[in-house]
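Note: hydrogens, waters and symmetry copies are ignored here, and every other heavy atom, side chains too, is used. Each chain gets a letter, A, B and so on, in the order its sequence line appears, and its residues count up from 1. Bear in mind the structure is a predicted one, so any value in this text is a computation, not a measurement.
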There are 2 protein chains.
Amino acid sequence: MSSPIKVLLAEDQSMVREALAALLGLEDDIEVVAQVARGDEVQAAVGAHGVDVALLDIEMPGCTGIEAAARVRREFPQVKLVVLTTFGRPGYLRSAMEAGADAFLVKDAPAAQLAAAVRKVLAGERVIDPTLAAAALAEGANPLTDREREILRAAADGSTNAELAAALHLSQGTVRNYLSTAIQKLAVRNRTEAVRMAREKGWL
Amino acid sequence: MSSPIKVLLAEDQSMVREALAALLGLEDDIEVVAQVARGDEVQAAVGAHGVDVALLDIEMPGCTGIEAAARVRREFPQVKLVVLTTFGRPGYLRSAMEAGADAFLVKDAPAAQLAAAVRKVLAGERVIDPTLAAAALAEGANPLTDREREILRAAADGSTNAELAAALHLSQGTVRNYLSTAIQKLAVRNRTEAVRMAREKGWL
DNA sequence: GCACCCGCATGACATCTGTCATACGGCACT
DNA sequence: AGTGCCGTATGACAGATGTCATGCGGGTGC
């Protein structure tokens with residue numbers, strides 16, 4: 001074996017992050033050289049430590065792991081990217097792949113797959129749960145327009161049409177039209193269900 | 001040192017669970033003797049392994065860690081209970097304490113606190129984040145009645161009044177009345193905000 | 001150039017939601 | 001026995017929400 005694989009860990013919950021570090025630390029050929037708790041610190045840390053593989057959680061403050069992946073891919077194209085997430089949402093998988101991820105793992109997969117994925121991506125392989133890949137292909141692409149997504153996201157907290165209109169500088173009628181088309185595209189019956197559905201699919 | 005502290009780990013995401021096990025495994029005086037992925041498997045596992053400390057995540061299939069804690073407390077009063085959660089919701093802390101938990105940790109606390117908490121509860125101490133304890137005391141108890149909570153929970157997925165009425169065998173007007181009083185108690189302006197607020201407080 | 005989609009807007013209409021007053025039986029506490 | 005809260009219910013009303021038709025300007029693709 002030559003020098004160990006240098007890994008960066010990005011995950012906002014300290015306890016989980018450090019636990020994953022402990023797990024990877026058990027492997028002789030892997031060394032966790034950096035840990036960050038925010039998406040917007042990933043890029044700098046990758047640059048500073050000569051990282052081979054970046055392990056990115058999706059849900060993080062600062063920016064999402066997917067956004068972070070895209071940035072690293074642009075600036076350091078040789079760095080391998082593993083996206084790790086709690087939720088196996090097909091839409092997440094799709095965006096992760098579009099951002100240039102080499103592997104996509106869900107946190108309820110067995111722990112052994114983590115180290116295995118690190119080694120595989122370094123060998124040039126891609127690692128994706130086949131079930132999830134099938135689901136992502138089956139459900140097709142996100143049918144929502146940018147505006148519809150924006151409004152759904154803003155409506156998620158229970159804001160009224162009037163508040164949405166004010167926040168997004170739109171007329172109230174326009175807000176209602178967008179919500180209405182989103183509701184139809186998602187085949188649901190009101191904004192609450194629309195938000196739930198979009199979240200579930202990873203389209204939000 | 002006598003024999004190591006026997007710990008049970010209950011957490012549904014395998015990767016996180018096994019990572020936490022790796023973390024605790026680094027400690028000489030702690031041994032993870034059992035791992036379960038469901039709340040309803042905790043009780044049996046505690047009985048089968050002569051566990052000293054049970055480490056319970058709240059969000060789990062089967063039953064919640066809090067419910068599991070209450071059951072273990074009833075059947076095995078000498079077992080120490082550490083509740084571990086992603087969300088530092090004051091209402092969760094309150095219910096965990098009422099269920100008989102000895103410690104309450106949030107996952108974004110430093111990893112070192114985990115092993116420390118295990119040792120402390122075994123020594124008879126209680127471990128609670130002081131900030132969270134203050135918040136729990138400041139906000140008072142859950143103001144919602146059983147029925148209100150039940151209806152809020154059912155309304156969370158975007159069901160209409162008619163559906164709620166059918167599901168809960170109530171008249172539509174009654175559903176609206178309950179939602180209305182819940183909305184007022186939570187000082188919000190519609191059901192969506194009410195659900196969000198109740199979730200945030202850990203009252204749902 | 002012409003279709004087509006997107007973003008934006010208005011107005012009208014039907015339905016859903018939230019509020020309020022009021023009522024009754026049951027239970028708990030005084 | 002009286003007071004008060006909870007669960008349940010009804011009816012009426014105002015305001016929010018969802019749908020539909022229609023319109024306009026800008027961009028993209030053929």
Side-chain angles (χ1 to χ4, degrees), chain A residues 91 94-95 98 139-204, chain B residues 91 94-95 98 139-204:
Chain A
R94 184 179 291 263
S95 346
E98 281 166 10
E139 93 177 358
N142 187 338
L144 303 172
T145 67
D146 287 354
R147 234 23 188 158
E148 286 159 0
R149 236 179 305 124
E150 196 177 352
I151 289 180
L152 262 190
R153 232 179 293 128
D157 65 356
S159 303
T160 72
N161 285 333
E163 289 166 336
L164 294 175
L168 299 167
H169 310 292
L170 291 175
S171 90
Q172 232 183 99
T174 305
V175 169
R176 274 154 69 198
N177 286 152
Y178 282 146
L179 281 171
S180 183
T181 59
I183 287 166
Q184 286 177 279
K185 283 180 180 175
L186 297 173
V188 294
R189 288 192 323 296
N190 57 50
R191 61 183 67 194
T192 309
E193 286 190 342
V195 167
R196 244 173 44 78
M197 176 67 75
R199 277 233 179 87
E200 215 168 85
K201 300 273 195 177
W203 288 342
L204 209 126
Chain B
R94 183 179 291 264
S95 347
E98 282 166 10
E139 91 177 0
N142 188 338
L144 303 172
T145 67
D146 286 355
R147 232 28 186 155
E148 285 159 0
R149 235 177 307 122
E150 196 177 354
I151 289 180
L152 262 189
R153 232 178 293 127
D157 66 355
S159 303
T160 74
N161 285 332
E163 288 166 337
L164 295 175
L168 299 166
H169 309 294
L170 292 175
S171 90
Q172 233 181 99
T174 305
V175 169
R176 277 157 64 201
N177 286 151
Y178 283 147
L179 280 170
S180 183
T181 60
I183 286 166
Q184 286 176 279
K185 284 180 180 176
L186 298 173
V188 293
R189 290 193 320 298
N190 55 52
R191 61 182 68 194
T192 310
E193 285 189 344
V195 168
R196 244 172 44 79
M197 175 68 73
R199 278 233 180 88
E200 216 167 84
K201 301 271 196 179
W203 286 342
L204 210 124

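Among the nucleotides dT17(C), dG18(D), dC20(D), the one closest to any side-chain atom of Asn177(A) is dC20(D). Comparing atom distances between the Ser180(A) side chain and each of dT19(D), dG18(D), dT17(D) picks out dT19(D) as nearest. Checking dT8(D), dG7(C), dG18(C) against every side-chain atom of Asn190(B), the shortest atom distance belongs to dG18(C). In the set dG18(D), dC20(C), dG7(C), dG7(C) carries the atom at the smallest distance from any side-chain atom of Asp146(A). The side chain of Arg147(A) approaches dG7(C) more closely than any other nucleotide in the set dG7(C), dG18(C), dT19(D). If you check dG7(D), dT17(C), dC13(C) against the side chain of Thr145(B), the one that comes closest is dG7(D).
At the heavy-atom level, Thr174(A) lies under 4.0 Å from base atoms of the strands shown. The residue Thr160(A) sits close only to the backbone: its heavy atoms come under 4.0 Å of sugar-phosphate atoms, none of a base.
Phosphate contact (OP1/OP2 of dT17(C), side-chain N/O of Asn161(B), threshold under 4.0 Å): present.
What separates CZ of Arg191(A) from P of dC16(C) is a distance of 15 Å, to the nearest Å. One interatomic measurement links the two molecules: NE2 of His169(B) to C1' of dA9(D), which rounds to 17 Å at whole-angstrom precision. In this entry the distance linking CD of Gln172(A) with C1' of dA16(D) reads 9 Å, nearest Å. For the pair Arg176(A) CZ and dG11(C) C1', the interatomic distance rounds to 10 Å; values are reported in whole Å. At whole-Å resolution of the value, CZ in Arg189(B) and C1' in dG18(C) are 12 Å apart. One interatomic measurement links the two molecules: CG of Leu144(B) to P of dC6(D), which rounds to 11 Å at whole-angstrom precision.
Side chain of Ser95(B) to main chain of Gly91(B): a donor-acceptor pair is present (N/O by atom type, distance under 3.5 Å, no hydrogens or angles). With Arg153(B) contributing its side chain and Leu204(B) its backbone, the two residues share a donor-acceptor pair below 3.5 Å. Between the side chain of Glu193(A) and the backbone N or O of Arg189(A), at least one donor-acceptor pair lies under 3.5 Å.
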